[in-house]
2 protein chains.
Amino acid sequence: MKERKGASDEPIRMPITIEEGIDFSIIELMFFAYRDFTSDPDEILADYGFGRAHHRVVHFVNRLPGLTVAELLEVLQITKQSLARVLKQLIDTGHIVQVQGLRDRRQRELYPTAKGRNFLLMLARPQSRRIHAALEGESAAGRLSIERFLKGMVNPELRAQIDHLPGNMSGKDDGKQ
Amino acid sequence: MKERKGASDEPIRMPITIEEGIDFSIIELMFFAYRDFTSDPDEILADYGFGRAHHRVVHFVNRLPGLTVAELLEVLQITKQSLARVLKQLIDTGHIVQVQGLRDRRQRELYPTAKGRNFLLMLARPQSRRIHAALEGESAAGRLSIERFLKGMVNPELRAQIDHLPGNMSGKDDGKQ
DNA sequence: GAATTTATGTCAGCAGTGTTGACATAAATT
DNA sequence: AATTTATGTCAACACTGCTGACATAAATTC
């Protein structure tokens with residue numbers, strides 16, 4: 001009763017690599033890339049007493065001005081309560097304003113103020129610098145591959161949503177020549 | 001006193017697009033891609049009472065068996081206490097074992113058990129499927145562009161760390177022909 | 001050999017962001 | 001008039017990050 005212990009709690013000393021054809025490299029690259037990608041705005045946000053959730057709200061309100069609360073929940077895929085906290089803070093601090101809907105007066109259309117627009121630019125600038133650096137030297141074809149990949153990682157049902165965001169050169173997912 | 005209100009809390013109705021050359025498209029693609037990329041394992045983890053942090057620990061212990069607690073903290077860039085909670089649970093549930101270091105008996109080398117290895121495979125399988133789908137139809141050059149991009153998003157100081165992970169075809173970051 | 005440093009573990013408390021369920025109001029729809 | 005819809009709010013909880021403090025054992029230094 002030394003080797004045979006019944007339970008298989010023996011340490012495995014071999015690294016896992018391409019077991020079953022799994023892309024561990026890309027899995028961890030996604031982790032590292034996203035972590036560092038969000039680290040720049042996170043630092044700025046912390047100075048303002050905000051978090052990553054505030055960035056997302058400011059981002060989409062600037063991208064889709066006039067969207068309603070329900071639409072924002074749909075894009076972010078979070079619950080009403082999760083949004084309520086951060087949205088309230090952004091309204092109280094004058095980054096976002098609510099405008100009663102014209103057709104439907106129950107709706108609250110969300111718009112950025114000048115302050116909210118500038119805030120998003122401050123947050124997005126370091127991310128954009130990082131992206132430019134990562135794309136430096138890439139050919140047009142390479143850039144297309146990268147965008148196609150990122151879009152391919154998104155759940156198919158939601159890709160249409162992405163195509164409807166402004167300035168997206170959309171519909172280019174089916175680059176099957 | 002209608003247009004001039006002093007405070008600039010007027011709603012801005014224009015979407016932000018390529019303002020100052022900022023890549024809002026890629027910024028939001030990163031958000032959507034990462035969110036959906038993590039959603040598959042998150043669901044599985046929830047069934048086991050675990051969270052995303054457990055996945056990360058199981059991942060790197062399988063990738064770098066025998067790494068010490070300090071090394072794991074270095075890779076994950078979190079604090080001891082953040083790790084302690086999840087690591088304890090993974091040890092208690094028999095996914096990971098600690099082995100006292102040979103050279104330095106203060107060190108705890110971390111190894112996956114068979115259970116821990118199988119658990120990682122279960123978590124990684126749907127992610128790998130998603131990655132394969134997103135890479136489908138990509139040329140070898142396109143795949144290189146994608147990996148180069150993800151690596152380029154990581155803070156330069158940490159890229160060396162990535163190269164030392166197993167099965168990485170590393171050092172290929174400087175593809176300057 | 002004694003003092004210090006290092007690797008790890010643990011306790012207590014806090015913050016940010018996600019969750020659920022319940023309930024309230026006003027406006028639109030039936 | 002009754003119901004549904006869009007929004008807001010309250011309470012409570014989970015996960016994962018953080019800080020600061022303190023304890024132990026082993027290695028290192030003086």
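Proteins come first, then strands; the chains are lettered A, B, ... in the order of their sequence lines, and each starts at number 1.
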So, is [X] near the phosphate of [N], with a side-chain N or O under 4.0 Å from OP1 or OP2?
| X | N | result |
| --- | --- | --- |
| A/His54 | C/dT17 | yes |
| B/Arg105 | C/dT6 | no |
| A/Gln98 | D/dG8 | yes |
| A/Arg108 | C/dA27 | no |

Original post:
Checking all strands, does B/His55 fall into the base, sugar-phosphate, or nothing category for heavy-atom contacts under 4.0 angstrom?
Top reply: nothing
**OP:** Report which part of the nucleic acid B/Glu109 touches: base, sugar-phosphate, or nothing (heavy-atom distance under 4.0 Å, all strands).
**Re:** nothing
Original post:
What about A/Arg52: does its side chain form a donor-acceptor pair under 3.5 Å with the base of D/dG17?
Top reply: no
**OP:** Answer yes or no: side-chain N or O of B/Arg106 and base N or O of C/dT6 forming a donor-acceptor pair under 3.5 Å.
**Re:** yes
Original post:
Between A/Asp104 and A/Val86, who's closer to the 5' end of DNA chain C by nearest nucleotide?
Top reply: A/Val86
**OP:** Measure centre to centre between the rings of B/His95 and B/Phe50, then say whether the value is under 6.0 Å.
**Re:** yes
Between atom [atom1] in [X] and atom [atom2] in [N], what is the gap in whole Å?
| X | N | atom1 | atom2 | answer |
| --- | --- | --- | --- | --- |
| A/Leu90 | C/dT17 | CG | P | 10 Å |
| A/Ile78 | D/dA14 | CD1 | P | 20 Å |
| B/Asp42 | D/dA14 | CG | C1' | 13 Å |
| B/Gln89 | D/dT16 | CD | P | 8 Å |
| B/Gln100 | D/dA26 | CD | C1' | 9 Å |
| B/Ile91 | C/dG9 | CD1 | P | 7 Å |
| A/Tyr48 | C/dG16 | OH | C1' | 19 Å |
| A/Gln107 | C/dT29 | CD | C1' | 14 Å |

Which one, [options], comes nearest to the side chain of [X]?
| X | options | value |
| --- | --- | --- |
| A/Ser82 | C/dT19, C/dA27, D/dG17 | C/dT19 |
| A/Arg85 | C/dT19, D/dT7, C/dT10 | C/dT19 |
| B/Thr79 | C/dG13, C/dT19, D/dT19 | D/dT19 |
| B/Ala53 | C/dT10, D/dG17, C/dT17 | D/dG17 |
| B/Lys80 | D/dC18, D/dA26, C/dG9 | C/dG9 |
| B/Ala70 | C/dG18, C/dT8, D/dT7 | C/dT8 |

Subject >> Base partner of D/dA2, which must satisfy Watson-Crick or wobble distances under 3.5 Å >> reply: C/dT29
Original post:
Does D/dG20 pair with anything, Watson-Crick or G-U wobble, both distances under 3.5 Å, and if so, with which nucleotide?
Top reply: C/dC11
Subject >> With B/Met153, the side chain to side chain contact (heavy atoms under 4.5 Å, CB included) member among A/Asp36, A/Leu135, A/Leu29, A/Ile131 >> reply: A/Ile131
Subject >> Side-chain touch B/Ile96/B/Tyr111, heavy atoms, less than 4.5 angstrom >> reply: no
**OP:** Check whether any side-chain heavy atom of A/Ile91 sits under 4.5 Å from a side-chain heavy atom of A/Val97, and report yes or no.
**Re:** no
Original post:
Should the pair A/Arg35 and A/Phe31 be classed as cation-pi, given the thresholds of under 6.0 Å to the six-membered ring centre and 45° from the axis?
Top reply: yes
**OP:** Check whether NZ of the Lys or CZ of the Arg A/Arg117 lies under 6.0 Å from the centre of the six-membered ring of A/Phe119 and within 45 degrees of that ring's axis.
**Re:** no
